[in-house]
Amino acid sequence: MDRPGVRDALDRVSKDNFGEFESTEWSIVFNQTDGQAAYYHRENYRKGYAFTIE
């Protein structure tokens, strides 16, 4: 799977129908080949924070 595919899979299985503090705190999708990562906070998979790990 590519990074958007993993993000979409996480979104489909998220618990976003629970209360405000009953959700996944954070998720990170990491590409081991190029070091690219995307951080998603509180199951908001529409807004990711991208960074590179060297």
Side-chain angles (χ1 to χ4, degrees):
M1 266 195 222
D2 60 3
R3 200 165 59 229
V6 174
R7 177 206 58 214
D8 293 346
L10 288 169
D11 191 20
R12 283 192 291 276
V13 299
S14 68
K15 307 182 309 182
D16 59 3
N17 59 337
F18 290 95
E20 180 181 358
F21 297 106
E22 299 170 334
S23 66
T24 301
E25 184 64 33
W26 53 267
S27 298
I28 295 177
V29 179
F30 182 65
N31 183 323
Q32 294 180 350
T33 303
D34 64 9
Q36 295 289 317
Y39 166 85
Y40 301 96
H41 184 251
R42 301 293 257 161
E43 299 178 350
N44 181 359
Y45 296 104
R46 292 179 305 276
K47 179 172 175 87
Y49 300 90
F51 56 94
T52 303
I53 298 172
E54 296 180 8

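The line from CE of Met1 to CZ of Arg7 is 12.0 Å long, rounded to the nearest 0.5 Å. Rounding to the nearest 0.5 Å gives a distance of 12.5 Å between OG1 of Thr24 and CG of Asn44.
Between Tyr40 and Val29, some side-chain heavy-atom pair lies under the 4.5 Å cut-off.
Residues Ala37 and Arg3 approach most closely at N-NH1, 4.4 Å, considering heavy atoms.
Sequence neighbours left out, the pairs with a member in residues 25-35 that pass salt bridge (charged side-chain N to carboxylate O under 4.0 Å, His left out) are Glu25-Arg42.
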Please tabulate, for side-chain N and O atoms in residues 45-54, each donor-acceptor pair with protein atoms closer than 3.5 Å (sequence neighbours left out).
unit_1 : atom_1 : unit_2 : atom_2 : d
Tyr45  : OH     : Ser27  : OG     : 3.1
Thr52  : OG1    : Gln36  : NE2    : 2.7

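Listed by chain and residue number, Phe30 satisfy the side chain to side chain contact (heavy atoms under 4.5 Å, CB included) test with Gln32 (two or more places apart in sequence, or in another chain).
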